[in-house]
K.L.:
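Take a look at the following structure, please.
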Amino acid sequence: MHDIRWIRENPAEFDAALAKRGDEAMSADLIQRDADRRAVQTELQELQTRRNDASKQIGIAKSKGEDADTLIKEVSDLKDRMQALEENEKNLSSNLTDLLSGIPNLPSEDTPVGAGEEENVEIRLEGVPPEFDFEAKDHVDLGENLSGISFERAGKLSGSRFVVLQGQVARLERALASFMLDVQTEEFGYTEIAPPVLVKDEALYGTGQLPKFADDLFKTTDDLWLIPTAEVSLTNLVANEILAEDDLPIRVTALTPCFRSEAGAAGKDTRGMLRQHQFNKVELVSICHPDNSLEEHERMTGAAEEILKRLDLAYRVMVLCTGDIGFSARKTYDLEVWLPGQDTYREISSCSNCGDFQARRMKARFRPEAGKGTEFVHTLNGSSLAVGRCLIAVMENYQNKDGSITIPEVLRPYMNGLELISAG
RNA sequence: GGAGAGGUGGCAGAGUGGUUGAAUGCACUGGUCUUGAAAACCAGCAGGCGUGUAAGCGUCUCGGGGGUUCGAAUCCCCCCCUCUCCGCCA
């Protein structure tokens, strides 16, 4: 959500930033609507002032036993005009809010301008993809051969884009998630949270999934939604709160299943478990002081990268361009892990700085120690990591010629010391 | 799911239609006092919006939304949440 007062004062800057995203200029329209709204509001408030004064006098007169009919008549006569103005004001302001809430966040200065995915910029390349002296299999072949993955059985239960994991593969997935949580809580200061995965409209509005992206979500029959990411649950933890300045930063993490309808992805990534309706993810969320969000963004990205480093997986860090960045983000780093089965890098994490965009929507503020009033916090979120995709990465990068999978050192403590997953 | 009780400022807790955005206490902030601290005393202490260069002024908000009234924290309706008892249940 954008600050209409800021738009009023910086219309050119606002439109220029929208243009970078490929969106049309909107400031003139918004400013006009805002001016209309304020004119009506001011007029209404003048009438309210008169009404309040008169009502007080009526009270005084009555308490003295005096006659107040003239005043009562006057206020009575104000009512029609007031009601009309009230309705008018309500419409104007909800129209304005609807418009504003559909406008994406403005990209930061250092977000590269580009039309789409192809124009994202690689800023780091870490690790070396493994070389195999045999033909590398993908996780589907590996998993089915190990009796660890079944799409067929998942299909019986739930249809396409679901998977059943079994045995040591299932355990490996759990090991990954535990490892991720342990690193983030013990080494990066994130507090573990076990949040609801069913949430109300307001929560999804707060983080920006609603009202625009309802099609990407699953909704229950009693009006709750399945979260597409724990970003929703974790960020909304501070919704409608006024925090103390020294509460910041708040760093929270959670392992949750995530649910996505993948409405716009028909035919895309249909093989394997790369793109599922349900997957597990360890999410990081930081709520921080506006002065610190840039460095917090780097820190968070580093925390996510640490997981890949310790798993000794090759990856690259991309800065998303203005055409690929998400609705709520000012700047986003994607981490892409090397997948031998696909012979390419694929997204495994996305770390975004949303500035005060989400905070405004959910009214998450803090009280600055110096100065008065309140200020909006900055919110950041990042995956650390998508567990399902990380499982793919481990299976494909750690495969052996015979189809077995070597368990990465750091995961062995979580696997009761097991070093190898093999068939039979 | 059924029956009942209740939701007031950071917390506790008054307030049933009339100068109440809200008594009082605690907490917090500033000041006086003190060698320092405590205590005591004095003062301040909600958020949003509008208007104004500003000081300020105005307006809205007592779980949320409607309604009655000249006037609602107080009366009426709907919804949400919490607690107690019962039922069901991992």
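Chain naming here is simple, since letters A, B, ... match the order of the sequence lines and numbering starts at 1 in each.
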K.L.:
May I ask you to verify if any side-chain N or O of A:Asn240 is less than 4.0 angstrom from the OP1 or OP2 atom of B:G47?
P.N.:
no
K.L.:
Please tell me if A:Asn52 has a side-chain N or O lying less than 4.0 Å from either OP1 or OP2 of B:U59.
P.N.:
yes
K.L.:
Counting only side-chain N and O atoms of A:Arg365, is one of them less than 4.0 Å from OP1 or OP2 of B:G48?
P.N.:
yes
K.L.:
Is it true that the NZ or CZ of A:Arg174 lies under 6.0 Å from the centre of A:Tyr414's six-membered ring and within 45 degrees of the ring axis?
P.N.:
no
K.L.:
Does OP1 or OP2 of B:G48 have a side-chain N or O of A:Thr374 closer than 4.0 Å?
P.N.:
yes
K.L.:
B:G44 pairs with which nucleotide, Watson-Crick or G-U wobble, both distances below 3.5 Å?
P.N.:
B:C28
K.L.:
Does a side-chain N or O of A:Lys200 approach OP1 or OP2 of B:G64 to a distance below 4.0 Å, or not?
P.N.:
no
K.L.:
Could you measure between the two P atoms, the one in B:A72 and the one in B:G4, and give it in whole Å?
P.N.:
30 Å
K.L.:
Using Watson-Crick or G-U wobble geometry with both distances below 3.5 Å, tell me the partner of B:A39, or none.
P.N.:
none
K.L.:
Looking only at atom C1', what distance separates B:U8 and B:U61, rounded to whole Å?
P.N.:
12 Å
K.L.:
Find the distance A:Glu46:CD to B:G52:C1' and express it as a whole number of Å.
P.N.:
14 Å
K.L.:
Is the shortest side-chain N/O distance from A:Arg367 to OP1 or OP2 of B:U29 below 4.0 Å?
P.N.:
no
K.L.:
Could you tell me how far B:C60 sits from B:U19 if I compare only their P atoms? Round to whole Å.
P.N.:
15 Å
K.L.:
Counting heavy atoms from C-beta on, name the nucleotide in B:U59, B:U19, B:U51 closest to the side chain of A:Ile60.
P.N.:
B:U19
K.L.:
Classify the side-chain pair A:Gln209/A:Thr207 by whether it contains a donor and acceptor separated by less than 3.5 Å.
P.N.:
yes
K.L.:
Ignoring hydrogens and angles, answer whether the base of B:G58 and the side-chain atoms of A:Gln45 contain a donor-acceptor pair closer than 3.5 Å.
P.N.:
yes
K.L.:
Taking the minimum atom-to-atom distance to the side chain of A:Lys90, which one of B:G66, B:U19, B:G58 wins?
P.N.:
B:G66
K.L.:
Out of B:C60, B:C70, B:C49, which has the shortest distance to the side chain of A:Arg5?
P.N.:
B:C49
K.L.:
Between B:C89 and B:A5, how far apart are the P atoms? Round to whole Å, please.
P.N.:
28 Å
K.L.:
Check whether any side-chain N or O of A:Arg37 sits under 4.0 Å from OP1 or OP2 of B:G50, and answer yes or no.
P.N.:
yes
K.L.:
Would you measure the distance from the C1' atom in B:G15 across to the matching atom in B:C70 and give it in whole Å?
P.N.:
23 Å
K.L.:
When we call it a touch if two heavy atoms are under 4.0 Å apart, what does A:Arg360 touch: a base, just sugar-phosphate, or nothing?
P.N.:
nothing
K.L.:
Is A:Val113 close to A:Cys321 at the side-chain level, that is, under 4.5 Å between some pair of heavy atoms?
P.N.:
no
K.L.:
What nucleotide among B:U51, B:U59, B:C70 has an atom nearest to a side-chain atom of A:Arg38?
P.N.:
B:U51
K.L.:
I would like to know whether A:Lys219 and A:Leu224 meet side-chain contact (heavy atoms from CB on, under 4.5 Å); could you show each step before the answer?
P.N.:
CA-CA 6 Å; A:Lys219 190 178 191 179; A:Leu224 291 172; over 6 Å; no
K.L.:
Pairing donors with acceptors under 3.5 angstrom, does anything connect the side chains of A:Gln32 and A:Asp36?
P.N.:
yes
K.L.:
With a 3.5 Å limit on both atom pairs, tell me what B:U74 is paired to, counting Watson-Crick and G-U wobble, or say none.
P.N.:
none
K.L.:
Side chain of A:Thr49: nearest nucleotide among B:C70, B:C60, B:G58?
P.N.:
B:G58
K.L.:
Would you indicate which nucleotide in B:C49, B:G71, B:G47 comes nearest to any side-chain atom of A:Ile242?
P.N.:
B:G47
K.L.:
For B:C33, give the paired nucleotide (Watson-Crick: N1-N3 plus N6-O4 or O6-N4; G-U: N1-O2 and O6-N3; both under 3.5 Å), or none.
P.N.:
none
K.L.:
Give the rounded distance in Å between these two atoms: CE of A:Met82 and C1' of B:G58.
P.N.:
13 Å
K.L.:
Whole angstroms only, please: what is the CG-C1' distance between A:Asp80 and B:U69?
P.N.:
15 Å
K.L.:
Watson-Crick or G-U wobble partner for B:U68, using a 3.5 Å limit on both distances?
P.N.:
none
K.L.:
Reading RNA chain B from 5' onward, which residue's closest nucleotide shows up sooner: A:Gln83 or A:Asp53?
P.N.:
A:Asp53
K.L.:
Ring centres of A:Phe327 and A:Phe357 under 6.0 Å apart?
P.N.:
yes
K.L.:
So, A:Thr332 versus A:Ser352: side-chain donor-acceptor pair below 3.5 Å or not?
P.N.:
yes
K.L.:
Find the partner of B:G58: check Watson-Crick (N1-N3 plus N6-O4 or O6-N4) and G-U wobble (N1-O2, O6-N3) distances, both under 3.5 Å, and reply none if neither fits.
P.N.:
B:C49
K.L.:
Does A:Lys79 put a side-chain nitrogen or oxygen below 4.0 Å from OP1 or OP2 of B:G71?
P.N.:
yes
K.L.:
Say we look at B:G31 and B:A38: how far apart would their P atoms be, to the nearest angstrom?
P.N.:
13 Å
K.L.:
Searching all strands shown, indicate the nucleotide that pairs with B:C85 (Watson-Crick or G-U wobble; both distances under 3.5 Å).
P.N.:
B:G2
K.L.:
Give me the distance, rounded to whole Å, that separates B:G56 from B:G52 when you measure between the C1' atoms they each carry.
P.N.:
8 Å
